[in-house]
Amino acid sequence: MEYNDKLARFRQGHLNPFNKPKEEESPREDREQETSKESPPGSPLRLPEFQCPERVMDLGVSEDHFSRPVGLYQASDIQQLRQAIEECKQVILELPEQSDKQKDAVVRLIHLRLKLQELKDPREDEPNMQIISEHRFYKEKSKSAKQVCDKCSTIIWGLIQTWYTCTGCYYRCHSKCLNLITKSCVRSKVSHQSEYELTICPEAGLDSQDYRCAECRAPISLRGVPSEARQCDYTGQYYCSNCHWNDLAVVPARVIHNWDFEPRKVSRYNMRYLALMLGRPVLKLREINPLLFNYVEELVEIRKLRQDILLMKPYFITCKEAMEARLLLQLQDRQHFVENDDMYSLQDLLDVSSGRLGASLTDIHTMFAKHIKLDCERCQAKGFVCELCKEGDILFPFDSHTSVCQDCAAVFHRDCYYDNSTSCPRCMRMSLRKQAQEPEDATWQQ
C-alpha cells in the first residue's frame, strides 16, 4: 500500500498538461495537510516527493510548432504559390529589420519565387539548335550567367530555365519566348546592306510614324501614355521601351562629320547592328568628308603609314623568308590595311582617337622596314639607285626622303626628282626600247 500511495502521488504531480482539468488543481498547503492525515505516526521516513502539480512541462507549445508554416511550402499550383509569396512578403514587412526571423523569411521567399518560375517554365528536352526568323539559336549550357531576355525583358534564371542565344546577333531569350520572336536577325541585314546612316540623327517626327514604335508598331507618345517614346540617335526614329533600352553606342555620322565619339542612346536593334558593323571597313573618308584630314593630324599619319605598307607588300609576297615568317599576319585584324589605303572601319577611327592605332601601326611599319632594309638580302637586292645623281645609299619607295615615278615606279631622291625638269630616265629608256622593237615587229609580220 505504501508503494502504491507513492506511485499515485508521483503520477498526480506529473499529470499530462493537455489532459489535466483546472478543477483538480488545489493549493499546495491543502494537499500537504491531507497527506499528513493519511500517514500514521511512527511510519518510516519517506522519500522526498515531487510536489509540483502546477508545473507544466515545456513542450515548446509557445513557439507554435503546429501552425501552418509561412509561405505554404506544400503549395503545388501557381495560384497557391502566388498567395504564399504575398503572405511571405507581408511577414517580412512585419518582422523587425535585420533580425534572424526576417532573414529566414527572405530565404523562404526566394525559394517560393524559384518554385513559381519553375512551374511557369518547366524543364523539357529542348533541341540544341533552332532556326527562327533567320536567327540560329543554340541552347546555352551556362547555369550561373545572369542575362536578360530580349523578348520579354525579364531576367533569365539559368539555374532553372532553358534559354537560347543567336550565334549571329547574340539575341538571348527564354525557350518559351522563341515562338513569339518577330524580329529578324541583324546579321542578315549586315550581310545584305553593309552601310551606315551618315546623316546626323535624321529625325522625321513622331507623327510620321503614326505615333507608333518604328519596330513593333506599339502605340507610343512623348507623355509616356500608353508607352514612352524613346528616340534613337542613329536613325532618328522613336521606339517603345521594349525595343529601346537606352543602350549607348558611338554614332558613325557624328564621328565622320564632327569627330565626336560620345556614346548616344540607340535602340536595341541598332545597337546590335552597330556592334556587328564595328570592324567592317565601309567608310571611305576621302569621299564622305575629305576635310577631316585637315583637322585631324593623326589621320594624315595613319594614311602615310598605310601607303608605305602597301609599297612593302610586293617585297613580302616575293620573299620566301617573309612568307615563312608570315609577316603580313601582323595585320590580320585589319586586313583592309594591306588592300587599300582609303577604307576605314569605325573601330579604326576609335583607335585613332585613343592613340592605339598610331602606336601599333608605327611598330609594325618599323618591323617591316627592318626586314627589307637590314635582315633580308633578297629584299635589299630589290632596292633602287637614284639615276639622277647616282649617289647615296640604296633607296626604297617607302623611304621618307624619296619620290616615286608614277609611270614606271622608279625611285629617286626627292630633291633630285623635283629639281630635274626633264622626264624620268627610266621612262625615257623604256620608250626608246619600245620604239626600237616596233620596226622589228613590223618586219616580222611582213
Side-chain angles (χ1 to χ4, degrees), residues 134-136 166-171 183-204 214-215 232-237 239 247-310 313 328-358 360-361 364-365:
E134 299 183 353
H135 293 277
R136 296 182 65 88
C166 176
T167 57
C169 62
Y170 306 105
Y171 189 96
K183 304 175 183 177
S184 60
C185 184
V186 182
R187 187 169 289 277
S188 61
K189 179 181 177 181
V190 174
S191 303
H192 297 90
Q193 184 184 359
S194 296
E195 58 183 12
Y196 286 117
E197 173 62 54
L198 298 179
T199 304
I200 298 178
C201 194
E203 182 181 4
E215 187 171 336
C232 175
D233 194 82
Y234 174 67
T235 60
Q237 295 178 319
Y239 299 82
D247 296 304
L248 300 177
V250 177
V251 180
R254 295 185 180 275
V255 173
I256 295 175
H257 296 292
N258 297 337
W259 202 244
D260 181 10
F261 293 91
E262 182 180 355
R264 310 282 176 163
K265 293 181 179 180
V266 296
S267 67
R268 194 73 176 169
Y269 183 87
N270 292 320
M271 185 269 294
R272 290 195 182 91
Y273 180 76
L274 293 176
L276 293 176
M277 288 285 293
L278 189 62
R280 289 180 173 262
V282 296
L283 298 174
K284 199 169 186 178
L285 297 183
R286 291 182 181 177
E287 296 181 358
I288 301 174
N289 187 12
L291 297 178
L292 190 62
F293 291 91
N294 298 336
Y295 295 96
V296 183
E297 298 179 357
E298 292 84 357
L299 284 177
V300 180
E301 298 176 0
I302 296 298
R303 181 175 60 182
K304 179 63 173 63
L305 292 173
R306 292 183 62 176
Q307 291 173 352
D308 292 347
I309 290 175
L310 290 177
K313 181 180 177 180
L328 289 177
L329 290 181
Q330 299 292 329
L331 293 170
Q332 60 181 349
D333 295 335
R334 307 180 196 271
Q335 191 65 30
H336 53 285
F337 279 17
V338 295
E339 297 175 356
N340 54 70
D341 64 338
D342 55 352
M343 300 299 293
Y344 293 84
S345 66
L346 185 60
Q347 184 64 55
D348 295 337
L349 302 181
L350 288 169
D351 293 340
V352 170
S353 176
S354 63
R356 291 193 299 267
L357 182 58
S360 62
L361 206 58
I364 295 175
H365 182 277

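This structure is a prediction, so every number in the text was calculated from the model and none was measured.
The closest side-chain heavy-atom distance from R286 to D341 is below 4.5 Å. Looking at L346 and M277, their side chains never come closer than 4.5 Å, going by heavy atoms from C-beta outward. Counting heavy atoms from C-beta outward, L248 and K265 have side chains that approach closer than 4.5 Å.
With hydrogens and angles disregarded, no donor-acceptor distance shorter than 3.5 Å links the side chain of D342 to the backbone of K284.
Applying the ring-ring contact (aromatic ring centres under 6.0 Å, His included) test to Y171 and every residue at least two apart in sequence or in another chain returns H135. By the side chain to side chain contact (heavy atoms under 4.5 Å, CB included) test, R254 pairs with I200, C201, D233, V251, D260, R264, sequence neighbours left out. With sequence neighbours excluded, the residues forming a side chain to side chain contact (heavy atoms under 4.5 Å, CB included) with M271 are D247, V266, R268, listed by chain and number. V300 is linked by a side chain to side chain contact (heavy atoms under 4.5 Å, CB included) to F293, R303, counting only residues two or more places apart in sequence or in another chain.
L276 and G168 get closest at one heavy-atom pair: CD2-O, 3.7 Å. Minimum heavy-atom separation, M343 to P281: CE-O, 3.4 Å.
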Exercise answer: donor-acceptor pairs, residues 347-358 side-chain atoms, under 3.5 Å, sequence neighbours excluded:
from: Q347; atom 1: NE2; to: D351; atom 2: OD1; distance (Å): 3.1
from: D348; atom 1: OD1; to: R334; atom 2: NH1; distance (Å): 2.4
from: D348; atom 1: OD1; to: S345; atom 2: OG; distance (Å): 3.3
from: D348; atom 1: OD2; to: H336; atom 2: NE2; distance (Å): 2.7
from: D348; atom 1: OD2; to: S345; atom 2: N; distance (Å): 3.1
from: D348; atom 1: OD2; to: S345; atom 2: OG; distance (Å): 3.0
from: D351; atom 1: OD1; to: R356; atom 2: NH2; distance (Å): 2.8
from: D351; atom 1: OD2; to: R334; atom 2: NH1; distance (Å): 3.4
from: D351; atom 1: OD2; to: R334; atom 2: NH2; distance (Å): 2.5
from: S354; atom 1: OG; to: L350; atom 2: O; distance (Å): 3.3
from: S354; atom 1: OG; to: D351; atom 2: O; distance (Å): 3.2
from: S354; atom 1: OG; to: R356; atom 2: NH1; distance (Å): 3.4

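Within the structure, every pair that satisfies the ring-ring contact (aromatic ring centres under 6.0 Å, His included) test and touches residues 257-288, not counting sequence neighbours, is listed here: W259-F261.
For the 3.5 Å distance criterion, the side chains of S188 and E134 qualify, holding a donor opposite an acceptor.
The structure places CZ of R187 at 8.0 Å from SG of C169, a figure rounded to the nearest 0.5 Å.
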